[in-house]
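Order of the sequence lines sets the chain letters (A, B, ...), proteins ahead of strands, with each chain counted from 1. Quick caveat: nothing in here was measured; it's all calculated off a predicted structure.
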Protein chains: 2
Amino acid sequence: MATIYEVAALAGVSPATVSRFFNGTTVSPEKQRAVREAAAKLAFTPNKTARRLRKQSSEVVALLIPDIENPFFTALARGVEDRAQEAGFSVVLCNTDDDPGKELRYLQIAASEQMAGVILAPASDEADLGAIASLGSPVVAVDRTTPYPVDAVKVDNRAAGIAATTALFDAGHRRIACIAGPVGIEATEDRFLGWRQVMTARRAAMPDGFLQHANFRADGGHAAMQRLLALPEPPDAVLTTNNLMGVGALQAVVEAGADPARFGLAVVGELPFLFLTPRSVVQVRLPARHLGTTAASMLLERIGGDTQPPRTVVLRAELAR
Amino acid sequence: MATIYEVAALAGVSPATVSRFFNGTTVSPEKQRAVREAAAKLAFTPNKTARRLRKQSSEVVALLIPDIENPFFTALARGVEDRAQEAGFSVVLCNTDDDPGKELRYLQIAASEQMAGVILAPASDEADLGAIASLGSPVVAVDRTTPYPVDAVKVDNRAAGIAATTALFDAGHRRIACIAGPVGIEATEDRFLGWRQVMTARRAAMPDGFLQHANFRADGGHAAMQRLLALPEPPDAVLTTNNLMGVGALQAVVEAGADPARFGLAVVGELPFLFLTPRSVVQVRLPARHLGTTAASMLLERIGGDTQPPRTVVLRAELAR
DNA sequence: GTGAAAGCGCTAACAC
DNA sequence: GTGTTAGCGCTTTCAC
């Protein structure tokens, strides 16, 4: 790997001039040509590590998501990537596995690697943003919020829960259970609250066991649905507060021999690749990609020096038909 | 961000001792304690950028995949990540979008960021590995091969194509079409060759139009299947050479009003989340995660200094039942 | 507009 | 075992 000194020597200029050339400062036309040619001849690429050490910042942003195998988050990642790319930033994706320990490690890496900023879908509400925030690196929370005063982009989760539950009522169901995510994740808790609000307003029964907590994956939804179906008086419909739990729940319904077209299923999120899904399944579409582009835009503004107080942007979910 | 000098000053030792402490060289117990306490008090984190500049290498590997929204590649990514993590390496994921231009950019970034190595699922067989390889950074190709002499991990794609096609024959189908990926991607071409081999051996007709090329995504498979169904004498079965094209093909079958349980569909790969799939769909399971762990292991060996000639590991696919 | 030189934070000889 | 010191490759004053 050629250095700036070798280019300078070959071009007959000083290293500073080479640096200026590559950073867009004014350099006389003839030296420009000399540098360009020398750089080409040596296949010179500026060493980003050295630049980063010197400038104390980089053009890389980190994106921390809880589950790279969840299509919701990959769509979100695409949004972030597209927006960041336009602005000349690279995105490195980190998979926290919904594990606060891993999350913390990645946050530290982001700091010690001098990332320009971090977009984070927190694995828990204890995500320690103190360290990274105090470094001055901007942070944007996405999909889920945190107690730390940072920018956030989220969905109107309660409205999503309300819309989904209402749709089940409209389809004639009354005994509606809820498979919610782990306790402590605001996003799905709000969706659950939407369910409870509708159930209460409609004076629908919410017997013990109608609220199940599960991990966010298909296996969690599957097990929860099995527990629901084993109830003495099982529900005739269920709301899952994310997409993958919906996948698992639907699978359990099918396995139990119930007719998935009659059993009411509502999902906050989209059942991935499931176009064979019974038409009866209610899906509340989440603007995953848009969450990503919005978060990236906010982060880029902060990186650009924006210092207004933290904002929270709320995006709307939309009932798919 | 505290530096090694501040820690040294507070601990009453030299910067070198602090460095040694954090790099596991022998330091006397008392100084160890002093350094540990000073570091804790200052919340010191070693600056990786400086370390990287000095050592000319990092503990980060880059993983370049063509489509982050394809579950096959995310499973592969999980494999890479798990293995790398065990060895203390971080993984940064880059989405090339099957675009040679993007791929090249990421390859350059990997070089100028002094990544410890690169695992690459090439977007095309022109992927220019010359630059990065000449830098001495090890490269492992995964899923797809390249003309460059680098380590590779792949699947026995022809066998996979043969198994899938044979299964369709065994189910009684004779008019079997093939939806293959873009020309130039060895992996899916080999699967197509498996199809042709079986068709030829069984003296089955392969009229014009029975071979369709499509992009790797669901929309490509969907369009290709529509073209097949519009043929004067349409096929009664089809093989798709990857998972997402299978999703699109199945969708087209359903939309066309054909009974997906009677129309033969075979997929090299797994239909993601599609447990509602008709039992009749043939799937040849690809060891996605295992591809990832194997590639990571090979890369780590190279990073560790292994200099044997490039190896290619071939993993077996397995007919799901 | 251009060059000389200092220094970003760390590691690795090298001396002791 | 420990300290001193010279860079890694770049950017950025500061003179000219």
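The side chain of A:Tyr5 lies closest to D:dC10 when the candidates are C:dG3, D:dC10, D:dG9. The side chain of B:Ser28 sits closest to D:dT2 out of D:dG3, D:dT2, D:dA6.
Between A:Gln114 and A:Val13, the residue anchored closer to the 5' end of DNA chain C is A:Val13, taking for each the nucleotide with the nearest heavy atom.
At a threshold of 4.0 angstrom between heavy atoms, the contacts of A:Phe44 are confined to the sugar-phosphate backbone, with no base atom among them. At a threshold of 4.0 angstrom between heavy atoms, the contacts of B:Phe21 with the nucleic acid are absent.
One finds a salt bridge joining A:Glu186 and A:Lys154 here, because a Lys/Arg side-chain nitrogen approaches an Asp/Glu carboxylate oxygen to under 4.0 Å. Between A:Lys41 and A:Glu37, none of the side-chain N atoms (NZ, or NE/NH1/NH2) sits under 4.0 Å from a carboxylate O, so this pair counts as no salt bridge. Ion pair A:Arg83/A:Glu86 flagged as a salt bridge, since at least one NZ, NE, NH1 or NH2 atom sits closer than 4.0 Å to an Asp/Glu carboxylate oxygen. Between B:Arg52 and B:Glu113 a salt bridge is recorded (basic side-chain N to carboxylate O distance below 4.0 Å). A salt bridge links A:Glu301 to A:Arg311: one of the charged nitrogens lies within less than 4.0 Å of a carboxylate oxygen. One finds a salt bridge joining B:Asp151 and B:Arg302 here, because a Lys/Arg side-chain nitrogen approaches an Asp/Glu carboxylate oxygen to under 4.0 Å.
A heavy atom lying under 4.0 Å from DNA chain C marks the following residues of residues 31-40 of chain A, by number: A:Lys31.
Note: CG (A:Leu53) to C1' (D:dG7) measures 12 Å, nearest angstrom. Taking atom CZ of B:Arg51 as the reference point, atom C1' of C:dA12 lies 13 Å away to the nearest angstrom. Atom P of nucleotide D:dT11 and atom NZ of A:Lys48 are separated by 11 Å, given to the nearest angstrom. Rounded to an integer number of Å, the gap from CG of A:Asn47 to C1' of D:dC10 is 7 Å. If you measure from atom CD1 of A:Ile4 to atom C1' of C:dA5, you get 14 Å, rounded to the nearest angstrom.
An OP1 or OP2 oxygen of D:dG3 is reached within less than 4.0 angstrom by a side-chain nitrogen or oxygen of B:Thr17. For the pair B:Gln56 and D:dG9, the criterion of a side-chain N or O lying under 4.0 Å from OP1 or OP2 is met. Checking the phosphate oxygens (OP1, OP2) of C:dG9, no side-chain nitrogen or oxygen of B:Thr3 falls inside 4.0 Å. Residue A:Ser14 has no polar side-chain atom (N or O) positioned under 4.0 Å from OP1 or OP2 of C:dA4.
B:Ser57 and B:Gln114 form no side-chain donor-acceptor contact under 3.5 Å, judged by distance and modelled atom types alone.
Counting only distance, with no hydrogens or angles, the side chain of A:Asp306 and the backbone of A:Gln308 share a donor-acceptor pair below 3.5 Å.
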Name the pairs: protein N/O against N/O of nucleotides 12-16 of chain D, kept only if under 3.5 Å.
{"from": "D:dT12", "atom 1": "O4'", "to": "A:Arg54", "atom 2": "NH2", "distance (Å)": "3.1"}
{"from": "D:dT13", "atom 1": "O4", "to": "A:Arg20", "atom 2": "NH2", "distance (Å)": "3.4"}

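Considering OG1 of B:Thr293 and CG of B:Leu300, their distance stands at 11.0 Å, rounded to 0.5 Å.
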